[in-house]
Amino acid sequence: MADDIFKKLIAHSKEYGFVFQSSEIYDGLGAVYDYGQNGVELKNNIKKYWRDSMVKLHENVVGLDSAIFMHPTIWKASGHVDAFNDPLIDNKDSKKRYRADVLIEDALAKIEAKMDKEVTKAKKRFGDSFDEAQFRETNPRVLANQEKWNALHKRFSDALNNNDLNELKQIIIDQEVACPVSGSKNWTDVRQFNLMFSTEMGSTAEGANTIYLRPETAQGIFVNYLNVQKTGRLKLPFGIAQIGKAFRNEIVARQFIFRMREFEQMEMQFFVKPGTELDWFDKWRETRMSWHRALGFGDENYRFHEHEKLAHYANAAVDVEYKFPFGFKEVEGIHSRTDFDLNQHQEFSGKKIQYFDPELGKSYVPYVVETSIGVDRMFLQVMAASYCEEEVTSSNGKVDTRVVLKLPTPLAPIKLAVMPLVKKDGLPEKAREIIGDLKFDFNCAYDEKDSIGKRYRRMDALGTPFCVTVDHQTLEDNTVTIRHRDTMEQERVAIEALGGIVENATNFKALYAKLK
RNA sequence: GCGGGAGUAGCUCAGCUGAUAGAGCAUUAGCCUUCCAAGCUAAGGGUCGCGGGUUUGAAUCCCGUCUCCCGCUCCA
C-alpha cells in the first residue's frame, strides 16, 4: 500500500512537471533525474528556507560557494581516495561480494598460520633450547610454506601495483579460495569500484591531471576555513554554510530521487573550541530537528537515529529520519567530526590551519560539528508529506477524488492562479491586469481553459495555495473570489487586498518564527 | 553483478492462439458559458525499446541486445 503511494508520487512528479528521468528520450540514465518547471521552483524554495535559516538567522554563520573541482590531494587528505577504491569480486552462488584484496590477504594469513603451527609444535618438542629463528630458516616444511608465501605475496603486490584485475582473479582461482558462505569457488571477474567520478584537467594528455568530482561539499568548506575566518574576522564558534552538487558513483542507486549519482547537499560546518563540540552537537541536533518540524508534517513522523558505529573521524553522529512511504529514512546527518579534517589538510598541505584564541592566548585546530542534508531527499520528503488524495462530495451527491499537494505555502512553486470565470466579456483581460500587478511579487499562473472546477483541481495538483477568480461582478466593483487550496473555501475580496493576503500567507516569516 | 518484473500515443493500459495499430484520460482548435475535474464537434500524436531470424506476412513466434523498476551486496 505504501509502495502504491510511492509509485503514485513518482507518476505525479512527472505528470505535473516536478521531476523527469534524465535523458528520457534516450531510454534514460540510471539514477539521474532532472527537475522540471515546477520542481525547480519548489527546490529553490527549499534551498532558500535552509539558507536563510542558517545564514540570515545566525549572526555567526556565513555562506560559501566552492568549486566542484578541487585539488586531487584534498581527497587523499580526506581519506576518500583510499576508502572509495576497492577491487571487488562476487561469489555467484552465495551472491556475496568481497574485496578481492582481502580474500587474498586471508589466503596469505592461512599460510602464515601453517608456519606458526609448525613453530608451536617444535617449541613444545624442544623446550627451552628452541631457537625459533634457526628453526624457521632450516625446517623444510616451514621453508616450503615460506617460499609459497613469498611467491604469492609477490604476485599479489605486483597485481595490485599494476592494477591487474585479471591477475587478482587468477590468484583467487589458483589459491582455490572458497566463499565462506556458499563454500563454492564460482567467482565473477574482479571489478574495480571507484565511488568517485574522475575526469582529466588539462587539455594535453601528458600534462593532464586526474581530478575528481567532489563526493561531498564539506571539503570545500574545510579548505576555505582560513580564508573565511580571516577575511570575515570571525571568532569561534562560527559556521560556514554551503549548498552544492556532489557526485557518487553508487553501486546501486535507487528509490527515485532518494539516492542519486548526482545530488545536491546543504552542509554547514560549525567550528568550535575543542572540548565544547559535544555541547554544540546537542544544540545543532535540536536546531535542525526544529527546522524540519516547523514545516508541519507531523512531529511523529520524525525521529533521531543514533549511530553506533562511528566513522573514523567522528566522535558523535546522529541522523534525522523522516517516515517516507517506504519507511523511516535518513534525510539529514549531524556529525561531530572532531579536528580530523582540518588536521589532515594541515598535514597534507603543509599550511597551518589554526585559530588563535585571544582568551587562552594560544592557537589550536578547531573542532567541527557538521549538519548535512540532501536537497533531493528533502524535496522527496516535502512531496511525500504533501501528497493527498481526498474524497470530495459535490452538491449533487457525486463522490470523486481530489489530488492535492498540501505544500507548506512558502515552498509552493506557484503562489496564486488568476482565472476568468468565462473567457469572454472582458474577464480574461481583467485577469491579466491583476497578474500584471502581482507578478513582481509572486509566481502567478493564468488559466482560462476548461471549466472552473477543472482548473481548480489542476492547481490543487501543483500545490498552488490560492486561486483568484474574476467574474462579472469584478467588472462592477473590483472584487474577486479567492479560493483556499486546503479548505476549498472561497471568499470575496477587493483586488487591492490580494497582494497583502497572499504575502501574509506565503512568506517565510511564519516558518522562521517557529524555529528554535 | 545476481535474481525477479517490465518496455505499444503525453499518462494508464488493451491487443500477444501471426494478416490495415486501439481505448480512456490528456493535448490543440471551435462551439457552449457553467464557481469545484466527467457537455458537443473536430484534429494532432505511435519506425509497438533496438538488432537479427522464421514466415507470403511479425507488436504478436525464436535468438541476441539495451534500458528502466523491485530485492540483495555498498553507502564516509
Side-chain angles (χ1 to χ4, degrees), chain A residues 3 6-8 10-12 14-17 20-32 75 78-84 86 88-99 181 186-191 193 195-196 215-216 218-219 246 248-256 258-259 261 307 309-314 317 326 330 333 335 337 340-341 370 372 390 392-396 398 400-404 419-425 427 448-461 467-473 480-483 485 487-490 492:
Chain A
D3 197 47
F6 190 51
K7 276 186 182 149
K8 280 184 186 171
I10 295 169
H12 190 87
K14 185 189 173 185
E15 192 176 353
Y16 289 93
F20 305 125
Q21 168 125 52
S22 163
S23 317
E24 199 183 345
I25 61 170
Y26 288 98
D27 291 329
L29 186 62
V32 185
W75 304 113
S78 68
H80 287 84
V81 169
D82 293 331
F84 269 36
D86 296 327
L88 299 178
I89 189 167
D90 292 11
N91 183 270
K92 288 181 184 171
D93 298 310
S94 65
K95 318 281 183 218
K96 292 286 172 198
R97 173 169 293 161
Y98 301 92
R99 280 176 54 173
V181 175
N186 189 9
W187 298 102
T188 63
D189 286 341
V190 176
R191 293 177 313 276
F193 278 78
L195 279 318
M196 281 197 289
E216 65 174 23
Q219 299 303 326
R248 294 181 195 180
N249 211 349
E250 302 278 0
I251 298 169
V252 287
R254 294 246 175 89
Q255 281 172 323
F256 196 39
F258 188 79
R259 181 172 299 149
R261 297 211 160 89
H307 284 214
K309 224 175 80 186
L310 294 172
H312 56 284
Y313 55 71
F326 45 91
E330 175 190 357
H335 310 108
R337 290 181 81 134
F340 176 84
D341 298 276
E370 161 189 87
S372 173
E390 288 181 350
V392 178
T393 311
S394 56
S395 47
N396 62 12
K398 266 186 322 194
D400 80 318
T401 308
R402 176 173 89 118
V403 174
V404 50
M419 23 219 192
L421 186 61
V422 296
K423 55 177 170 190
K424 62 174 189 183
D425 303 334
L427 300 187
E448 60 175 28
K449 173 83 183 162
D450 295 314
S451 74
I452 192 72
K454 206 165 184 174
R455 284 179 267 164
Y456 286 154
R457 297 298 171 83
R458 275 204 285 260
M459 283 299 146
D460 288 341
C467 288
V468 169
T469 305
V470 173
D471 56 21
H472 290 93
Q473 191 184 331
V480 290
T481 60
I482 184 164
R483 168 198 182 263
R485 177 193 69 197
T487 60
M488 296 170 68
E489 276 163 14
Q490 287 180 284
R492 188 143 206 115

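Just so we're on the same page: letters track the sequence lines, and every chain starts at 1.
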Is a donor-acceptor contact shorter than 3.5 angstrom present between the side chain of A:R402 and the base of B:rC36? no
Nearest-nucleotide 5' precedence on RNA chain B, A:R337 against A:D460: A:D460
When the P atoms of B:rC35 and B:rA21 are considered, how many whole Å apart are they? 45 Å
How far does the C1' atom of B:rU27 sit from the matching atom of B:rA37, given to the nearest Å? 16 Å
Determine the Euclidean distance between corresponding C1' atoms of B:rA23 and B:rG15; express it in Å to zero decimal places. 11 Å
Across all chains, not counting sequence neighbours, the side-chain hydrogen bond (donor to acceptor under 3.5 Å, both in side chains) partners of A:S451 are none
Check for a donor-acceptor pair, side chain of A:R248 on one end and backbone N or O of A:M196 on the other, with a separation under 3.5 Å. no
At under 4.0 Å between heavy atoms, what does A:T481 touch on the DNA or RNA strands: base, sugar-phosphate, or nothing? base
Read 5' to 3' with Watson-Crick or G-U pairs under 3.5 Å, [ ] for crossing pairs and | for partners on another strand, RNA chain B gives ((((((((.[[[[.)...(..]]]].(((((.......))))).....[[[[[..)....]]]]])))))))....
Sub-3.5 Å pairs of nitrogen or oxygen atoms, protein against nucleotides 26-34 of chain B:
{"from": "B:rA26", "atom 1": "OP1", "to": "A:K454", "atom 2": "NZ", "distance (Å)": "2.8"}
{"from": "B:rU27", "atom 1": "OP1", "to": "A:R458", "atom 2": "NH1", "distance (Å)": "3.4"}

Quick one: A:Y16 OH to B:rU12 C1', roughly how many Å, whole number? 13 Å
Donor-acceptor under 3.5 Å (A:R455 side chain, A:L421 main chain): yes
Rounded to whole angstroms, how far apart are CZ on A:R261 and C1' on B:rC74? 12 Å
List in chain and number order the residues that pass side-chain contact (heavy atoms from CB on, under 4.5 Å) with A:E330, two or more places apart in sequence or in another chain; answer none if no residue qualifies. A:D319, A:R377
Between B:rA37, B:rC11, B:rC35, spot the one nearest the side chain of A:T469, thanks. B:rC35
Please work out if A:D471 contacts a base, only the sugar-phosphate, or nothing of the nucleic acid, heavy-atom cut-off 4.0 Å. base
With a 4.5 Å heavy-atom cut-off, do A:W75 and A:P215 have their side chains touching? yes
Closest heavy-atom pair and its distance - A:I452, A:M419: CD1-CG, 4.1 Å
Check if the side chain of A:R483 and the base of B:rC36 share a donor-acceptor pair of N or O atoms closer than 3.5 Å. yes
Using atom CD of A:E390 as one end and atom P of B:rA37 as the other, report the distance to the nearest whole Å. 13 Å
If the C1' atom of B:rG71 is compared with that of B:rG46, how far apart are they to the nearest Å? 33 Å
C1'-based separation of B:rC11 from B:rC2 [nearest Å]: 33 Å
Base, sugar-phosphate, or nothing for A:Q490, non-hydrogen atoms under 4.0 angstrom? base
Closer than 3.5 angstrom, by distance alone: can the side chain of A:H335 be matched with the main-chain N or O of A:S372 as a donor-acceptor pair? no
Could you check how far CZ of A:R457 sits from P of B:rC25, rounded to whole Å? 17 Å
Could you tell me how far apart A:Y456 (OH) and B:rA37 (P) are, to the nearest whole angstrom? 11 Å
What's the CD-P distance between A:Q21 and B:rC68, to the nearest Å? 7 Å
Send over the distance from A:I10 CD1 to B:rC69 C1', rounded to a whole Å. 9 Å
Within a strict 4.5 Å, meaning less than it, do heavy atoms of the A:V422 and A:H472 side chains meet? yes
Can you sort out the partners of A:T481 under side-chain contact (heavy atoms from CB on, under 4.5 Å), two or more places apart, ordered by chain and number? A:T469, A:D471, A:Q490, A:R492
Taking only side-chain N and O atoms of A:K14, does any of them lie within less than 4.0 angstrom of OP1 or OP2 on B:rG10? no
Taking B:rU60 as the reference, what is the distance to B:rA6 when you measure between their P atoms (whole Å, please)? 16 Å
Taking the C1' atom of each, how far is B:rU8 from B:rC16, in whole Å? 11 Å
Mind checking the P distance from B:rC31 to B:rC69? Whole angstroms is fine. 45 Å
For atom CZ of A:F258 and atom C1' of B:rC74, their distance in whole Å: 14 Å
Please round to the nearest 0.5 Å and tell me the distance separating atom CE of A:M488 and atom SG of A:C467. 10.5 Å
What pairs with A:D460 under side-chain contact (heavy atoms from CB on, under 4.5 Å), at least two apart in sequence or on another chain? A:R402, A:V404, A:R457, A:R483, A:R485
If you assign A:R492 and A:E216 each to the RNA chain B nucleotide with the nearest heavy atom, which residue ends up on the more 5' nucleotide? A:R492
